[in-house]
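Each remark here refers to the structure printed beneath this line.
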Amino acid sequence: MTRPSSPAPSRLSGQDLIRLKKYLADNLARAVETEGIAAPQRAVFLQEQISRIYDQTQLKLPDDVRKQIFDQVLNDLLGFGPIQSLLDDPEVTEIMVNGPKKVYVERKGQLSKSTVTFDDDDHVLQIIDHIILPLGRRVDADSPTVDARLPDGSRVNAVVRPVAVDGPSITIRKFSKDKLKVDDLINFGSMTQGMADFLRACVIARFNIVISGGTGSGKTTLLNVLSGFIPESERIITIEDAAELQLQQDHVMRMETKTANVDGVGAVSIRELVRNSLRMRPDRIVVGEVRGGEALDMLQAMNTGHDGSLTTVHANTPRDALSRIETLVLMAGMDLPLKVVRQQISSAIDVIVQQTRLRDGQRKITAITEVAGMEGETVVLTDIFKFEQTSVSSEGKVAGELKPTGIRPNFGPRLEAAGFKLGVEIFAPKLAAEQKAGRQVR
């Protein structure tokens, strides 16, 4: 690449700065290839080289402009370009790149436009390639969408032209570097202690649990928390489109799907992985999300001895979750009567946990529902815990209460057989308080 001209600093345009950045980046990349510097020493080496290459340009930029350009070049080579600062910001939970000049972020559930920008479409494509190439995935005009993950487990989706009309798009849902525990969700108000004790008993007692919720409602986070209740002695197999789950147990086998190669062959779907997992001697099968025909294989696994399975599904209510699972089962291509499908669902699934993102950005468990069997051709659902909204403030803040409905689940004897005797204080805390007060008076 030719050396950029040396106009006065006041005359440097945006395009001049972009050319300077590309000049520095190209020379740095060649220097790294020539020297063969190992990753641990690469940052220090690049810092030295970028100063040397900059001096050769004979430009005299202000210190703040020079530092900004140096940081941007290093982020392009060592990190993820302009969005590296957003990835490092613990308050940012989601990053949305809508073309090179529009980058939005989510903080505390609220969207805002960031000051971060890319140079052009090619710059965005460069960062996309940086993310997906180590995973063996590709994106181009023939395959314009891709799902991937960052090294820390953050979920990435990228869309390029011709599907993305306004330029390449990147959507990143960040995961907290500190793995959330059940106590954190209680402190956030996402669940109560009684709900946590109930869910812990259900997981250890090997109940099949479906987490239902909309996009961005916190399903995967809750799945991580619930999976933490699985005993260390059990073999866990996780199946995902892109490996995001961060299980802390030692005996975990993680699998993720594979996209087709350039010839359109070699794809491995979630359904194939679910089938294969049954031959891997699993104690628990955890599917990141069911969204297709694998729902049938998941139900069959739950009904044939692989109890204690966990998965998520996109739905707005527990009833909607059942309807969606019915639809997904029919997508498997089996010509099954609807009543048979519902019988499979009612016998396989024990509990549905509804996770909701409220209008003010709060994420809460809004229902824990028992699948109580069949009446005729209808699956019976019984709410054990429920969120009751009481008001919305002028600032849009939602207020409400998470509380039990007072109904004990029909599977209470199964919990007791597993060693959990959940008392009235879990299912009817007000009654328990009244009984306690009555005893004290007597």
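The shown structure was predicted, so the numbers you read here are calculated from the model rather than taken from an experiment.
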Pair [X] + [Y]: basic N to acidic O under 4.0 Å:
X: Lys397; Y: Glu395; result: no
X: Arg235; Y: Asp283; result: no
X: Asp147; Y: Arg137; result: no
X: Glu326; Y: Arg319; result: no
X: Lys403; Y: Glu388; result: yes
X: Arg284; Y: Asp307; result: no
X: Asp121; Y: Arg161; result: yes
X: Lys386; Y: Asp383; result: yes

Let's go through Arg363 and Glu106 carefully: what are the C-alpha distance in whole Å and the side-chain angles of both, what is the deciding distance for salt bridge (Lys or Arg N to Asp or Glu O under 4.0 Å) to 0.1 Å, and is it a yes or a no? CA-CA 14 Å; Arg363 293 171 172 86; Glu106 180 189 67; 3.4 Å; yes
Can you tell me how far apart [atom1] ([X]) and [atom2] ([Y]) are? Round to the nearest 0.5 Å.
X: Gln246; Y: Leu223; atom1: CD; atom2: CG; result: 11.5 Å
X: Arg324; Y: Asn316; atom1: CZ; atom2: CG; result: 10.5 Å
X: Arg206; Y: Met302; atom1: CZ; atom2: CE; result: 12.0 Å
X: Asp320; Y: Thr327; atom1: CG; atom2: OG1; result: 10.5 Å
X: Ile237; Y: Met280; atom1: CD1; atom2: CE; result: 4.0 Å
X: Leu185; Y: Leu222; atom1: CG; atom2: CG; result: 6.5 Å

Taking the side chain as C-beta and beyond, is there a heavy-atom pair between [X] and [Y] under 4.5 Å?
X: Ser227; Y: Leu245; answer: no
X: Leu299; Y: Ile345; answer: yes
X: Asp166; Y: Asn98; answer: no
X: Arg414; Y: Asp350; answer: yes
X: Val97; Y: Thr171; answer: no
X: Phe427; Y: Pro409; answer: yes
X: Thr356; Y: Ser217; answer: no

Against Phe385, only a single residue in Thr369, Ile426, Ile365 fulfils side chain to side chain contact (heavy atoms under 4.5 Å, CB included); can you say which?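 So the option named by the test is Ile426.
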From CA spacing to verdict: salt bridge (Lys or Arg N to Asp or Glu O under 4.0 Å), Asp241, Arg155: CA-CA 10 Å; Asp241 274 325; Arg155 182 187 309 172; over 6 Å; no
For Thr366 and Gln354, which I'm curious about, is there any donor-acceptor pair between the side chains at under 3.5 Å?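 Note: Thr366 and Gln354 side chains miss the donor-acceptor criterion.
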Would you please say whether a donor-acceptor pair under 3.5 Å links the side chains of Asp88 and Gln84?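 There is such a pair (donor and acceptor under 3.5 Å, judged by atom type) between the side chains of Asp88 and Gln84.
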Which ring pair (Phe, Tyr, Trp, His ring centres under 6.0 Å) pairs, counting each pair once, include a residue from residues 93-118, with sequence neighbours left out?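 Those involving residues 93-118 are Phe118-His123.
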Is a donor on one side and an acceptor on the other found under 3.5 Å between the side chain of Glu256 and the backbone of Ala243?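 Yes; at least one donor-acceptor contact below 3.5 Å.
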Can you give the donor-acceptor pairs under 3.5 Å from side chains of residues 108-117 to other protein atoms, not counting sequence neighbours?
{"unit_1": "Gln110", "atom_1": "NE2", "unit_2": "Asp360", "atom_2": "O", "d": "3.2"}
{"unit_1": "Ser114", "atom_1": "OG", "unit_2": "Val116", "atom_2": "N", "d": "3.0"}

